[in-house]
Every structure is written in C-alpha cells, then in structure tokens.
Amino acid sequence: DKNELVAMTNLTLFKPPLPAKQWLTYVVPELRGRGLAKYLKAKMLEHIVADYAEVTIINTDCYVRNTPMISLNEKMGYVYAKSYFDYRISGWT
C-alpha cells in the first residue's frame with residue numbers, strides 16, 4: 001500500500017559463455033520468513049531461462065553465516081563450488 005521497496009535481487013549477465021551471477025538478494029527484516037527471497041530467486045531463474053537461453057551456468061554467493069540463504073540456495077539446486085574470503089581493514093594510522 002505504501003509503494004515501498006521490501007525486497008530485491010540483482011542479476012549480472014556476462015558475455016556468453018561466461019555464467020550469469022544472481023546476487024544480493026535482500027528482504028527487509030520485518031517481512032522475512034514469508035518466502036519473498038525464494039520467490040525472487042525463482043522469478044530470476046525463470047527470467048534467465050526465458051530471455052537468455054545462452055546462459056547455461058548461474059552463480060550466486062552468500063555470506064558463510066547466512067544459513068537461511070545457504071539453505072534456500074541448496075533447495076533451489078545450487079551446488080557449493082568454492083569459498084570466498086572476507087576482508088577487513090582496521091587499525092591503520
């Protein structure tokens with residue numbers, strides 16, 4: 001009713017045969033647990049299949065402690081491929 005953004009996801013398409021990247025899926029905290037992230041990711045997959053038939057691989061990434069998204073990715077058929085590192089800088093003078 002308020003015309004507010006409540007969820008989002010991003011898609012990056014690279015020149016084929018490189019894979020597409022679906023990333024940064026986000027749902028506002030007060031609306032989590034209602035299937036919005038699952039809906040967004042599923043619609044994104046439908047969009048890729050319908051409009052970008054040349055894409056044969058879709059990558060996604062997730063923070064290692066984001067267990068709800070890890071679970072969702074696994075249920076959707078994503079397979080763990082490799083690990084990324086978190087980088088931080090602090091304490092410089």
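The analysis underlying the following values was restricted to heavy atoms, covering all of them including side chains, and did not include hydrogens, waters or symmetry mates. These numbers come from a predicted model, not from an experiment.
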For the residue pair [X] and [Y], what are the closest heavy atoms and their distance?
{"X": "Gln22", "Y": "Thr60", "answer": "O-OG1, 2.8 Å"}
{"X": "Ala7", "Y": "Leu40", "answer": "CB-CD1, 3.5 Å"}
{"X": "Leu5", "Y": "Val28", "answer": "O-CG1, 4.0 Å"}
{"X": "Pro19", "Y": "Asn59", "answer": "CG-ND2, 3.4 Å"}
{"X": "Lys41", "Y": "Met69", "answer": "CD-SD, 3.9 Å"}
{"X": "Val55", "Y": "Ala20", "answer": "CG1-CB, 3.8 Å"}

Under a 4.5 Å cut-off applied to non-hydrogen side-chain atoms, are [X] and [Y] in contact?
{"X": "Thr12", "Y": "Trp23", "value": "yes"}
{"X": "Ile70", "Y": "Asn73", "value": "no"}
{"X": "Leu45", "Y": "Met76", "value": "yes"}
{"X": "Ile48", "Y": "Ile58", "value": "yes"}
{"X": "Tyr80", "Y": "Glu74", "value": "no"}

Check your understanding: Got a second to check how far Tyr78's OH is from Asp61's CG, nearest 0.5 Å?
Key -> 10.5 Å
Check your understanding: If you measure from OG1 on Thr25 to CE on Met44, what distance do you get to the nearest 0.5 Å?
Key -> 7.0 Å
Exercise for review: Treating Ile, Leu, Val, Met, Phe, Trp and Tyr as nodes and any side-chain heavy-atom pair under 4.5 angstrom as an edge, say whether Tyr26 and Leu31 lie in one connected cluster.
Suggested key: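 Yes: a chain of side-chain contacts under 4.5 Å links Tyr26 to Leu31.
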**Study point:** Common cluster, Val49/Tyr52, ILVMFWY with side-chain heavy-atom separation under 4.5 Å
**Key:**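 Val49 and Tyr52: separate clusters.
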Review point. Above 12 or not: heavy atoms from other molecules or residues under 6.0 Å from OH of Tyr39?
Key: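 Not more than 12 within 6.0 Å, no.
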